[in-house]
Amino acid sequence: MNSRIETPAEDEHDSVYSGLLVNDAHWAFGTVPVPDGHGEDPLAGVDTTVPEGVDAHVLATYALMLGDDALVMSHRISEWTSNAPDLEDDIALSNIALDLLGQARLLLARAAAADPSIVPALPDGSPVPPEDALAFFREAHHYRNVRFAELVNGDFAEATVRVLLFSTWRLATFERLRASRDQVLAAVAAKGVKELAYHRDYSARWFVTLARGTDESRRRLLAALDALWPLWPELFDTHAVEAAAAGSGVGVDPATTRDAAEGVLDQVLAAGAVPRPEAPRRSGVLGRTGRDGMHGEPLSRLLAEMQSVARAHPLGRW
Amino acid sequence: MRRVSRGTSERARRVARRVTDPELPMLTLADLGVLRDVDVVGDSHVVVDITPTYSGCPAMATMRDDLVRELRAAGFDRVEVRVSLHPAWTTDWITPAGRSALAAAGISPPGPAPSGDGPIPLTLLPTARQVRCPQCDSPATELISEFGSTACKAQYRCTSCREPFDHVKEI
């Protein structure tokens with residue numbers, strides 16, 4: 001038996017593995033800056049100056065809200081990876097999670113650049129970039145996402161309704177955010193609109209398919225809609241930070257997106273012959289909701305899973 | 001600052017334009033429209049501007065590394081890769097050479113991207129596209145899924161030759 005081990009071809013591009021060790025100083029949950037240039041900063045070279053007359057802390061907190069919505073929702077959808085009913089939908093949901101994760105990364109980086117004081121302090125020498133510090137080193141009560149994003153997953157009908165409601169709402173916001181006075185938010189929105197349009201169409205088509213499918217698919221869809229509906233109104237509440245961001249021309253007041261979002265949703269409901277749910281809204285805790293940092297236990301569990309390795313190795317590289 | 005010769009700028013451009021996309025290796029970053037600008041700003045100092053395809057494109061770090069590596073190998077000691085977010089990348093930036101390379105590799109190139117800054121209409125029926133099979137050139141194709149092996153692709157199948165294939169989505 002010939003025991004000679006084949007050595008890789010000399011041209012490094014001939015082996016799919018050879019390129020992996022070129023820049024190998026990567027932190028486990030992102031990448032470290034290279035000595036010259038801007039490293040892996042997702043906003044490298046982008047002008048992150050806070051627009052005139054805008055409160056930097058308001059802009060940062062507003063970007064954090066939009067970023068946290070995307071990050072938490074992305075994590076929930078990513079839990080479908082390898083669990084969807086078929087391969088195509090597994091890939092679709094993974095793609096949706098990936099788009100949202102990309103939006104989250106840009107938005108958290110934008111938040112950190114606007115007001116560095118919001119970034120958790122890490123040990124000296126930590127290679128963790130600011131957007132990762134925000135994602136992995138904040139407690140649940142510092143997360144500003146809407147509670148809708150953190151709910152525990154249900155069945156595939158629930159995923160369909162969840163993505164439909166979330167993307168319909170977020171797309172209505174991003175359509176308006178394209179006109180933000182903050183150039184970074186405007187650019188993130190311009191890109192995000194194209195992605196969210198695919199998410200909304202995907203989930204709307206599945207919504208109609210399930211609504212008009214079998215008795216069982218319709219039963220499950222209606223149950224999912226009823227279960228998620230109590231948190232729909234909260235998406236259109238205006239938090240003081242959102243009001244301030246909208247007032248200075250960098251953000252969108254969620255209340256102003258309601259008619260557009262409801263209009264789209266009504267089209268989908270009509271196509272599926274589904275009546276509007278009547279479940280009352282879920283109240284906050286002493287008036288506080290997700291935007292105030294008030295969350296349910298599911299977010300703590302989600303963060304425990306998402307953050308545990310990063311927190312165990314704040315100086316880790318791979 | 002010392003004036004940079006035209007030859008040096010041209011050489012930097014040539015090197016950067018050779019770098020290929022990690023996920024679509026039949027395409028250069030220039031053909032993909034991701035490479036926006038290459039500028040020699042000083043002695044051995046190059047500034048490269050790239051625009052991400054999708055917000056979550058996981059290939060961005062590799063693109064950046066590849067550009068830095070190739071330009072350094074060509075003698076440019078300081079390579080700065082900047083992100084240009086505006087205007088957003090569109091498939092309309094894929095060059096004719098890039099479209100031919102995609103088709104030759106069995107990937108259906110994108111049609112014209114939808115335009116407009118207004119509200120995005122809801123589309124409950126599959127997106128209408130004139131997609132021809134990159135294998136047998138038949139126009140008889142059907143959508144399998146709007147999401148494919150990478151963020152930028154949809155999955156189709158040809159009903160003539162039965163081959164499944166990727167289609168680059170118009171954005």
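Note on naming: letters A, B, ... go to the chains in the order of the sequence lines (proteins, then strands), and numbering restarts at 1 for each one. No hydrogens, no waters, no symmetry mates; every other heavy atom, side chains included, goes into these values.
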Participant: Measuring from atom CZ of Arg82(B) to atom CG of Asp41(A), what distance do you get when rounded to the nearest 0.5 angstrom?
Facilitator: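 That separation rounds to 13.0 Å.
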Participant: Verify the neighbour count for atom CZ of Arg212(A): are there more than 12 heavy atoms of other residues, nucleotides or ligands below 6.0 Å?
Facilitator: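 Atom CZ in Arg212(A) is not packed in, count stays at 12 or less.
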Participant: Between Val208(A) and chain B, which part of the residue has a heavy atom less than 4.5 Å away: side chain, backbone, both or neither?
Facilitator: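 Only the side chain of Val208(A) comes within 4.5 Å of chain B.
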Participant: What part of Thr51(B) gets closer than 4.5 Å to chain A, counting heavy atoms only: side chain, backbone, both or neither?
Facilitator: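 Answer is neither: Thr51(B) stays 4.5 Å or more from chain A.
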Participant: Is it the side chain or the backbone of Gln103(A) that comes within 4.5 Å of chain B heavy atoms, both, or neither?
Facilitator: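 Both parts, backbone and side chain.
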Participant: Taking CD in Gln130(B) as the centre, count heavy atoms belonging to other residues, nucleotides or ligands within less than 6.0 Å. Is the count above 12?
Facilitator: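 No, because the 6.0 Å sphere around CD of Gln130(B) holds 12 heavy atoms or fewer from other groups.
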Participant: So what's closer than 4.5 Å to chain B heavy atoms on Ala204(A): side chain, backbone, both or neither?
Facilitator: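 Contact with chain B is through both the backbone and side chain of Ala204(A).
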Participant: Nearest heavy-atom pair of Pro119(B) and Arg178(A): which atoms, and what distance?
Facilitator: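 Taking every non-hydrogen atom into account, N-NH2, 4.4 Å.
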Participant: By a 4.5 Å heavy-atom criterion (distance strictly below it), what part of Leu98(A) contacts chain B: side chain, backbone, both, or neither?
Facilitator: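 For Leu98(A), the contact with chain B is made by backbone and side chain together.
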Participant: Counting only N and O atoms by type, is there a donor-acceptor contact under 3.5 Å from the side chain of Arg205(A) to the main-chain atoms of Leu125(B)?
Facilitator: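 Yes.
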Participant: Of the backbone (N, CA, C, O) and the side chain (C-beta and beyond), which part of Pro121(B) lies under 4.5 Å from a heavy atom of chain A, both, or neither?
Facilitator: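 It is the backbone, since no side chain atom gets that close.
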Participant: Just checking Asp259(A): does its CG atom have more than 12 heavy atoms from other residues, nucleotides or ligands closer to it than 6.0 angstrom?
Facilitator: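 Not buried by this count: 12 neighbours or fewer within 6.0 Å.
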Participant: So which part of Glu195(A) gets closer than 4.5 Å to some heavy atom of chain B, the side chain, the backbone, both or neither?
Facilitator: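 Just the side chain, heavy atoms under 4.5 Å.
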Participant: Which of the residues Ala197(A), Ala92(A), Ala187(A) is involved in the greatest number of heavy-atom pairs with chain B at under 4.5 angstrom?
Facilitator: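 Answer, by heavy-atom pair count under 4.5 Å with chain B: Ala92(A).
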Participant: Contact between Glu146(B) and Tyr202(A) at the side-chain level, heavy atoms closer than 4.5 Å - yes or no?
Facilitator: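 Glu146(B) does not reach Tyr202(A) side chain to side chain.
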Participant: Nearest 0.5 Å please: distance from the CG atom of Leu87(A) over to the CD atom of Gln155(B).
Facilitator: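 Leu87(A) CG to Gln155(B) CD: 7.0 Å, rounded to 0.5 Å.
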Participant: Please find the pair of heavy atoms, one from Lys194(A) and one from Thr90(B), that lie closest to each other, and give the distance.
Facilitator: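 Of all heavy-atom pairs spanning Lys194(A) and Thr90(B), the closest is NZ-CB, 4.0 Å.
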Participant: Within the distance-only criterion (no hydrogens, no angle test), does the side chain of Arg200(A) pair as donor or acceptor with the backbone N or O of Ile120(B) below 3.5 angstrom?
Facilitator: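 Yes; judged by distance alone, with no hydrogens or angles, the pair exists.
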Participant: Can you find a heavy atom in the side chain of Asp89(A) that is under 4.5 Å from one in the side chain of Phe147(B)?
Facilitator: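 Asp89(A) vs Phe147(B): side chains apart.
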Participant: Would you say Asp201(A)'s side chain and Leu122(B)'s backbone share a donor-acceptor pair under 3.5 angstrom?
Facilitator: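 Not at all, since once roles are kept as given, no pair shorter than 3.5 Å links the two residues.
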Participant: Please assess Leu85(B) against Lys191(A) for the test side chain to side chain contact (heavy atoms under 4.5 Å, CB included), listing each intermediate value before the final yes or no.
Facilitator: CA-CA 8 Å; Leu85(B) 294 177; Lys191(A) 168 90 348 191; over 6 Å; no
Participant: Looking at Thr123(B), Asp49(B), Thr62(B), which makes the most heavy-atom pairs under 4.5 Å with chain A?
Facilitator: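 Between Thr123(B), Asp49(B), Thr62(B), the count favours Thr123(B).
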Participant: Counting heavy-atom pairs under 4.5 Å to chain A, which of Cys57(B), Pro126(B), Pro52(B) comes out on top?
Facilitator: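 Between Cys57(B), Pro126(B), Pro52(B), the count favours Pro126(B).
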Participant: Quick check for you: among Gln267(A), Gln183(A), Arg176(A), Glu175(A), which has the greatest number of heavy-atom pairs under 4.5 Å with chain B?
Facilitator: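 Maximum pair count with chain B is reached by Glu175(A).
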Participant: Rounded to the nearest 0.5 Å, how far does CG of Asn95(A) lie from NZ of Lys169(B)?
Facilitator: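 CG of Asn95(A) is found 6.0 Å from NZ of Lys169(B).
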Participant: So what's closer than 4.5 Å to chain A heavy atoms on Ser55(B): side chain, backbone, both or neither?
Facilitator: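 Ser55(B) touches chain A through backbone and side-chain heavy atoms alike.
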